[in-house]
Amino acid sequence: MQTRRRVFSGIQPSGNLHLGNYLGALKNWVGIQERYENYFCIVDLHAITVPQDPKILRSKIREVAAIYLASGIDPEKSVVFRQSRVPEHAELTWLLNCVARFGELSRMTQFKDKAQKGGAESASVGLYDYPVLMAADILLYNAHLVPVGEDQRQHLELTRTLARRFNHLYGETFVVPEAMILKTGARIMALDEPTAKMSKSSPVQGSYVAILDEPDTVRRKIRRAKTDSGSEITASPDKPAITNLLDIYGGLTGVPVPEIEKQYRSKGYGDLKKDLAEVVVEGLSPIRDRTRELLDNPRELDEILEAGAERAREVARSTLHEAWTRMGLD
Ligand code: ATP
Ligand code: LTN
C-alpha cells in the first residue's frame, strides 16, 4: 500500500550542473525529501537525445549521482537511480508514443529551441520524443508531484494531458501529476545574458556558475556578470541582470529579496557582486568537497545506483504491466 505521496524528478548527465539546477531543482528536492516517497533519477536516456561522447557521458553519470548525494539527497530516504537501468522507461515510452500526437510534440518550445540550434533537419527523433520519455518517467511511478524549474512547465502539462488521455481511452491507470515549481530559484538566468536561462549546454563558460567551480572561478564569473544601466539595486523587469543576482542571493541564503534590496539601498553593484560571490562560494564549497570525496569511491556510488534501480524496477514493472493489460497487450 502506498502511504506517502510520491515525488519524481531528474537531471540530465550532460554538461556541468550549475546554480540553476541547484536552486531550481536539487535544493528543493532536499527540502521535501522527508515528506514524500522520492524517486530521483539520472536521466541518461534523455542526455543522448543530443550527441554525447561515451567516455564523458560515463563519467558525468557518476558525477551527477555524487552531486545528488553531496547536496543532501539521502539514499536511505530517496530512491536514486539511472533511467537506463530500468528498461520500463523506454517500454512505457512506446505505449505513450502511440497516445501522444504529432501536433502536440511539435509545439514543445524546448524542442523548437534545441532543434533550431543544431539545424532542425538533423535533430534526432529522440530529441523530438524527449517529452514522451519524460512523461513515461513520471507516470511509471504514479508520481503526484514533480519538482522542477519553470522551463519544464510545458513538458509537465503534456505529461498531464497524456495521463488523462490514456485514462480516458483505456480506464483509470495513471495518477495525473502536478508540477511543483517554487518561486525562488525557478528560473535562474545566464550571467552573460540575463534574458536567457542559465543552461548547461551553453558553450560560454562564463554564463553559468557550475556547482563544482573552484572559489576563484566563482568569484571571477560573478565579477564579470552583466549588470544593468543605472546604479540602484532593485529587482524589477527593467533590471533583469540585477534581479537575477538578487534571486541567486536570496535562493542561497533564504533571505527574501526585498530585504536584500533594503540592505543594499545605499550601496553599488560592485558591493552586491562582491558579497554575492562569497555567498555562492560558501553555499557551493561543501557540496563540491563532498562530491570530490564521493567520486574517489566510484564502487560505492555504483552500488547505491544499482540498489536504487532495483527498488525502482519493482514499482515500474507493476505500472507497465497494468498499462499493457489496459491496452490489451497482456
Ligand atoms: P540544458 O540547458 O542542457 O537543457 P539544463 O541546464 O536545463 O540543461 P536539465 O537537466 O535539463 O538542465 O534540468 C534539470 C533541472 O534543473 C530541471 O528541473 C530544470 O527545470 C532545472 N533548471 C535547469 N536550468 C534552470 C535554470 N536556469 N533555473 C532554474 N532551474 C533550472
Ligand atoms: N526534462 C527534464 C529532465 C527530466 C525530468 C524527468 C524532470 C527528465 N525526466 C521527469 C522531472 C521529471 C529537464 O529538466 N530538462
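Heavy-atom basis, side chains included; hydrogens, waters and symmetry copies ignored. Indexing begins at 1, ligand by ligand and atom by atom, following the structure's order.
Looking only at distances, no side-chain donor or acceptor of K200 sits under 3.5 Å from a matching main-chain atom of P13. A donor-acceptor contact shorter than 3.5 Å links the side chain of E104 to the backbone of R101. Between the side chain of W29 and the main chain of P147, a donor-acceptor pair closer than 3.5 Å is present.
Scanning the protein for heavy atoms near atom 3 (C) of ligand 2, the closest one is G10 O, 3.6 Å. The shortest contact between atom 15 (N) of ligand 2 and any protein heavy atom is with Y130 OH, 2.9 Å. What sits closest to atom 19 (C) of ligand 1 on the protein, heavy atoms only, is D151 OD1, 3.4 Å. Scanning the protein heavy atoms around atom 10 (C) of ligand 2, the nearest turns out to be F8 CE2, 3.5 Å.
Contact annotation: for I11 versus ligand 2, there are no heavy atoms closer than 4.0 Å. If you look at D151 next to ligand 2, there are no close heavy atoms at all, none under 4.0 Å. The part of Q152 lying near ligand 2 is the side chain, judged by heavy-atom distances below 4.0 Å. Proximity of A25 to ligand 1, defined as any heavy-atom pair under 4.0 Å, is confined to the side chain (atoms from C-beta onward). With a 4.0 Å heavy-atom cut-off, ligand 1 is reached by the backbone of Q12 and by its side chain too.
For ligand 1, the atoms sitting less than 4.0 Å from at least one non-hydrogen atom of G149 are 18 (O), 19 (C), 20 (O), 30 (N), numbered in the order shown with element in parentheses. Residue contact check: V146 has heavy atoms under 4.0 Å from atoms 11 (C), 12 (C) of ligand 2. Distances below 4.0 Å separate heavy atoms of I138 from the following atoms of ligand 2: 10 (C), 12 (C). Atoms of ligand 1 found under 4.0 Å from any heavy atom of Q152 (numbered from 1 in listed order, with element): 20 (O).
Ligand 1 is approached by A186 to a heavy-atom distance shorter than 4.0 Å. Residue S14 places no heavy atom under 4.0 Å from ligand 1. Within the structure, ligand 1 has K114 among the residues with a heavy atom less than 4.0 angstrom away. Under a 4.0 Å heavy-atom criterion, H18 is in contact with ligand 1.
Remark: aromatic rings of Y141 and H89 are close, center separation under 6.0 Å. If you look at Y128 and F102, their ring centroids are closer than 6.0 Å.
Considering backbone and side-chain N/O atoms, D137 comes within less than 3.5 Å of an N/O atom of ligand 2.
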